[in-house]
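Report on the following structure.
Reminder, nothing fancy here: chain letters follow the sequence lines and each chain counts from 1. Reckoned from all heavy atoms, side chains included, excluding hydrogens, waters and symmetry mates.
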Amino acid sequence: MSEPHIETPEWEDETARRPVDEPIPADPVAGTVPAQRAPSDGQALLEVDNLSLRFGGVLALDRVSFSLREGEIFGLIGPNGAGKTTCFNALTGVYKPSGGEIRFRGQVVTGRKKHQITAMGIARTFQNIRLFPEMTALENVMVGADARHKTSVISALFRLPRHWREEREGREKSMELLRFVGIDHRAGEVSRNLSYGEQRRLEIARALATEPTLLCLDEPAAGFNPAEKDSLLKLIRAIRERGITVLLIEHDMRLVMGVCDRLVVLEFGKKIAEGVPAEVRDDPRVVAAYLGVPADAA
Amino acid sequence: MTTVQTILRWRGPDGGVRGWFGRQPRLVRWTLLAAIAAGAYALPYVGEVPVIGPQIVTEGVDWRTALFNISYFVLLALGLNVVVGFAGLLDLGYVGFFAVGAYTVALLASPNSDFKTNWPWLATVPVAIVITMISGVLLGWPTLRLRGDYLAIVTLGFAEIIRIFAENTTLLRGDRGFSGIPHPPGKHADGTPIFGVRDAGPYYWLGVSLIIVIVLAIRNLDRSRVGRSWLAIREDEDAAAIMGVRTFKYKLWAFAIGACVGGLGGVMFAGQNGFMNSASFQIQFSVLILAGVVMGGSGNIAGAILGGALISYIPDRLRGVEIAGQDAFQYRFLMFGIAIILIMIFRPQGLIPSRRRAMELKDRAKEVAPQ
């Protein structure tokens, strides 16, 4: 074998990688999301075009380009400090890129305000969980649902019909999303009291409540045990079945290889590989980035 | 939707009076609140209650005037609570809005005013509300991009600008001030005005009525999308923005609503006093109101009411009281300082805290001193 040795990766097992016979979970919230689209129907949903981001002397992202097709699950991987989360932050308006452009459904994203980007249909979760700790799980999701509401301060003040209608709809939608991610029994609990795994799921529910077309998950499986990772994998697939495109940052190779349709690999802010999991996995640069270059090859 | 219904009824694991109150059926709660409101209206007569009555009424100050003072302090505390307690924006210059409200009335209604409009008091009220809201937006527009301490300093500057402006411009008449500001309208059957010079009772009742309206309004906002947005901004502003909350807009609304309520306090003050000058709007006033909100329980409407009432009542109650041959009133600030220190040590979340704020404080304490 000329290629470097990789310790029997679990994703080598083809059945674990793509269990085609696994039944697709029924969509509990049919009708509240845009009509389901066939996965990978080929249209570019998000285009990241020569994106650069500089912090002082550090070039955190160096002319990174990739594009997401509607309905796919797209992985963004790379070693620590590769610029994955920076990429998310540029995408969701937290950072202003130093160069390049991000387009979502043909519209320019870069330079817009955070809430405008949410309104365009991009939602995200955070690597270090950032819920509203003293709000209940249900209230957290309702904040997300409010992104699609139109109740003004005046109609809230005078309790006009729109206030009542949107409060009711928002609450029902939020409960359904909590059920979808599997924590509806904790709806009334203050979110700081939820377990770590429940908090991760709650973040996903909150992001889904903003009715995104693109959901960006920033290391959703961090700190999960294998069983939890499996159920997360199912959840991500179920999200895609609702017609939502997923952009996933993840360290866990088995999860990434098992769930993603395509991948981009970043290292030191540069794109070093792109393609379907099988290609990326065998790419020598990716192997080198993750495992180091063998001494004799240098 | 039974799950939803149970959650709606869920009000947290609070024990004590508030936990009990939250568990009562809607009818019981409203009846109790109505009883408390009725009690507030009856307060001017509390002196006639045997034994405890004379302990409550102020000795050195006319009791009804003291009650009126309480009413506009409570109004101010309610308004500041929206800014500080709900939205989490530290405003140290709240007296600025109080001044804008009072000066609007004075300029439009006082015979001393250069405008010579001599409007009746009631006609100035809507104008004062609009102008204070505009002043809140004008202050908030450039400054609400700042956070925390920076915002506090800018608001402090705002209040000082208003005061110094009032001191030094001929239009606002400095410390000569405005006199002859008309009182609210209304006459008794015998032709004497309801809102006169001697009896402060009617002003107090007007104040209580205003407070009830404001409390209902603020409560409606708090339990809606608006209150949720404020809470989200307070807990994690960046996460809130990414979840689609229009943070700037809601912070601006908090400022405008706080300013409007503070302005109403100023309108009441001007209408009762009949006279005001630039000395009425010292910076200590802002600090006092803030102390009231924090002492009472920031983020909680009942807490703000209690805090606002106490900061006005305690000094008035001390007036004319002798302790060990000394006039207790002279030591009011010392006592205040001690009281605030004690409350901050033993009950930092305030006398009637907001459940959420209490937990946030605990979290922050942990950040400062990790176990």
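Within 6.0 Å of the CG atom in B/Asp149, the count of heavy atoms belonging to other residues, nucleotides or ligands does not exceed 12. By the 6.0 Å contact criterion, OH on A/Tyr196 is enclosed, its count of non-hydrogen atoms from other residues, nucleotides or ligands being greater than 12. Atom NZ of B/Lys249 sits in a crowded spot, with more than 12 heavy atoms from other residues, nucleotides or ligands closer than 6.0 Å.
Side-chain N or O atoms of A/Arg159 include one that pairs as donor or acceptor with a backbone N or O of B/Asn220 at under 3.5 Å. The closest donor-acceptor contact from the side chain of B/Arg225 to the backbone of A/His149 lies under 3.5 Å.
Separation of atoms CG (A/Leu157) and CH2 (B/Trp253) is listed at 8.5 Å; rounding is to 0.5 Å. Once rounded to the nearest 0.5 Å, the distance linking CD1 of B/Ile242 with OG1 of A/Thr125 reads 10.5 Å. Atom CZ in B/Arg246 sits 7.5 Å away from atom CD in A/Gln116 (nearest 0.5 Å). With rounding to the nearest 0.5 Å, the separation of CZ in A/Phe158 from CG in B/Leu216 is 11.5 Å. Here the CD1-CG distance, from A/Ile129 to B/Asp236, works out to 12.5 Å after rounding to the nearest 0.5 Å.
The greatest number of non-hydrogen atom pairs below 4.5 Å with chain A, out of B/Thr247, B/Ile257, B/Leu231, is found for B/Leu231. Considering only heavy-atom pairs separated by less than 4.5 Å from chain B, the leading option among A/Ala123, A/Ala147, A/Ala156, A/Ser152 is A/Ala156. Among A/Arg148, A/His163, A/Glu166, A/Arg130, the residue with the largest count of heavy-atom pairs under 4.5 Å with chain B is A/Arg130. Each of B/Ser224, B/Ala232, B/Ala240, B/Gly227 has some count of heavy-atom pairs under 4.5 Å with chain A, and the biggest count is that of B/Ala232.
Both the backbone and the side chain of B/Val245 have a heavy atom closer than 4.5 Å to some heavy atom of chain A. The contact between A/Thr210 and chain B is made entirely by side chain atoms (from C-beta outward), counting heavy-atom distances below 4.5 Å. B/Phe248 does not touch chain A: none of its heavy atoms, backbone or side chain, sits under 4.5 Å away. Using a 4.5 Å cut-off between heavy atoms, A/Ile117 does not touch chain B at all. Heavy-atom distances place both the backbone and the side chain of A/Glu139 under 4.5 Å from chain B.
Side-chain contact between B/Met243 and A/Asn140: absent, with no pair of heavy atoms (C-beta onward) separated by less than 4.5 Å. In this structure, A/Val153 and B/Leu221 have side chains that are in contact, with non-hydrogen atoms separated by less than 4.5 Å. Within the 4.5 Å cutoff, side-chain heavy atoms of B/Arg228 are placed close to those of A/Met135.
Of all heavy-atom pairs spanning A/Thr118 and B/Gly244, the tightest one is OG1-N, 3.7 Å.
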